[in-house]
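Below: one structure, written as structure tokens.
Each ligand, and each atom within it, is numbered from 1 in the order the structure gives.
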Amino acid sequence: MKNIEIAPISRIEGHGKITVQLDDSGNVSDAHFHVMEIRGFEKFLEGAAVEEAPRITPRICGVCQTAHHLAAAKATDQVFGLEPPETAKKLRELLLLGQYVHSHALHFYILAGPDLVMGPESDPALRNVVGIYKSNPEIATMAIKTRKIGQEITATVGGKPISPVTAIPGGQSRGLSSDQQADLLAKAKNAIGLVEKGFEVAKPLFTKYAEEIELLGPVESHFAALTKNNGDITYYDGDVKVIDSTGNMVHEFEPENYLDYIEEKVQPWSYMKFPYLKQIGFPDGSYRVGPMARLNVINNIPTEKASEMFAEYKENFGLAQNPLLYHYARLIELMYASERAVQLLEDDSITGTDIRQPLTEQLMTKEEAKESSETRRGVGIIEATRGTLIHDYETDGAGFIKRANLIVSTGQNNLAIDQGVRETAKKMIHGEEVSEGLKNQLEMIVRAYDVCLSCATHAIDGSTSMELDIYDSNGELIKRQLL
Ligand code: NI
Ligand code: MG
């Protein structure tokens, strides 16, 4: 018996590997996708003032900061019983669109692009961003320009290009001036043109790699995403809709009721948990989130060019199951994000000054909260670029976090990724000689989901026996805590 290890998986966010076990005749007996890092933010949040969560949680990850900032802000609004004014909601949506433009452009062109532009079995020394730049400088420049526009939206609306700070309980800490509105509008319009050009280059790749699309990682699963207005695409708000693998609706629920529908399981080979649909069971209740899942769940994209792209995609692929189509869906979303940013910026209400509902309710003092059993709760769900993101906080009466649960997009795709890697390995590997190109094709399955492992492995509970050692400045152990 021999084990094949593909480690680390490159061009993803975080640290993961694939292992494949061969039996004596050289066929695959088992294969798994492993996540070896752990971040622990659910635990770090305990004891923090809940209004700090929108500033703490963006540190989970170097890519998805805006998503965490906003999911945390929405949960925090609820803890304090606040409803942000319309302008604040629009600003938050715009902030999230900035993240989409930057993250989707980064993933398609830089992380996934090399497999499709240079080819899955091309020389690994050039199958990367440098290779893209050498062979196709136009794509590389387009990628950088598009991504930059996303970062500029985040910087202006969020206060900083990285780890934004402007979403606060009840709204936004600062608005948008008319000058900023004009500047971002010009940039967002420019993004539409860049995405159009990018799509021209990218679209033929989905015909060229039709065989790989069929071969790499297909699984049948449920799909989940936020929707609103009877099936419109939405990123910032809406209800969660779940469909089965044939497209029939199985659940539709409000964010605060997610625990009636979603449960998480731990498996020994990974630090990343496996969320599944509770009423269907494990593992049949496997569901996927993210661009391809969203386009399966929604019926409508309410912007011009993205809706045309969506109609063509639907006609060609129907209810998509093959992970490489995540790339196609991502490009449609990149267009939607750019067009929706233009829509929001063309509407002058974005410069409104009523951007925060102030807190008027008197909270308990810390001392009062110690004596009281009163708790507060807030659940914030948004669509992060990689999929549905849930932040759920329970606080004491003074607003200090007692329990935090984060369910992150990549976790929800974990079952499908693991299964897809295993099924594909069984089909493709026969014998101990496994080419680099074939290994890369297994990595391409993981990459298609645009996994973010830093984001997804914060879970620490009784099922993982991790210890935290705390030392003083002299290196003396002060405390050892079982997490
Ligand atoms: Ni992330
Ligand atoms: Mg969790």
Side-chain angles (χ1 to χ4, degrees), residues 8-16 33-45 53-75 95-112 147 150-151 154 158 160-165 167 225-226 235-236 264 270-275 288-294 326-327 330 333-334 337 380-392 404-414 416-417 446-460:
I9 302 171
S10 60
R11 286 181 278 124
I12 59 168
E13 203 299 320
H15 308 284
F33 164 53
H34 308 253
V35 177
M36 301 91 74
E37 62 174 300
I38 191 145
R39 303 276 287 148
F41 272 73
E42 286 181 343
K43 203 74 189 171
F44 301 158
L45 283 166
R55 286 192 291 270
I56 294 170
T57 57
R59 267 72 185 180
I60 291 173
C61 169
V63 187
C64 318
Q65 318 111 7
T66 305
H68 289 294
H69 183 55
L70 293 174
K74 282 180 78 177
L95 182 53
L96 189 52
L97 295 170
Q99 158 109 68
Y100 268 81
V101 173
H102 122 73
S103 176
H104 276 4
L106 169 76
H107 187 265
F108 186 78
Y109 296 113
I110 309 290
L111 301 183
R147 189 177 167 275
Q151 290 290 67
T154 308
K160 296 186 344 186
I162 294 169
S163 296
V165 292
L226 289 177
Y235 296 151
Y236 177 71
E264 296 177 281
S270 187
Y271 279 125
M272 187 158 74
K273 285 188 180 182
F274 292 79
R288 283 182 279 177
V289 297
M292 187 180 86
R294 282 191 285 258
Y326 266 89
H327 298 309
R330 208 165 277 125
E333 289 202 325
L334 188 53
I381 303 191
I382 62 150
E383 285 295 324
T385 51
R386 294 164 172 81
T388 313
L389 171 65
I390 305 172
H391 280 216
D392 174 5
N405 187 27
L406 310 176
I407 297 186
V408 178
S409 11
T410 296
Q412 296 160 91
N413 291 328
N414 202 0
I417 298 171
V446 180
R447 224 172 266 138
Y449 288 91
D450 188 9
V451 294
C452 186
L453 306 181
S454 307
C455 268
T457 57
H458 43 265
I460 300 178

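Protein atoms of type N, O or S found under 2.8 Å from the Ni ion (ligand 1) total 4.
One side chain, Arg447 or Ser10, offers a donor N or O that lies under 3.5 Å from an acceptor on the other.
With hydrogens and angles ignored, the 3.5 Å screen pairs no side-chain donor or acceptor of Asn405 with any backbone N or O of Glu42. In terms of modelled atom types and a separation under 3.5 Å, the side chain of Thr410 and the main chain of Leu453 share no donor-acceptor contact.
Residues satisfying the side chain to side chain contact (heavy atoms under 4.5 Å, CB included) criterion with Ile56, sequence neighbours excluded, are Phe41, Leu45, Ala48, Glu52.
Aromatic ring orientation, Tyr326 versus Tyr449: tilted (interplanar angle from 30° to 60°). In this pair, His391 and His68 present their aromatic rings tilted. The plane angle is within the 30 to 60° band.
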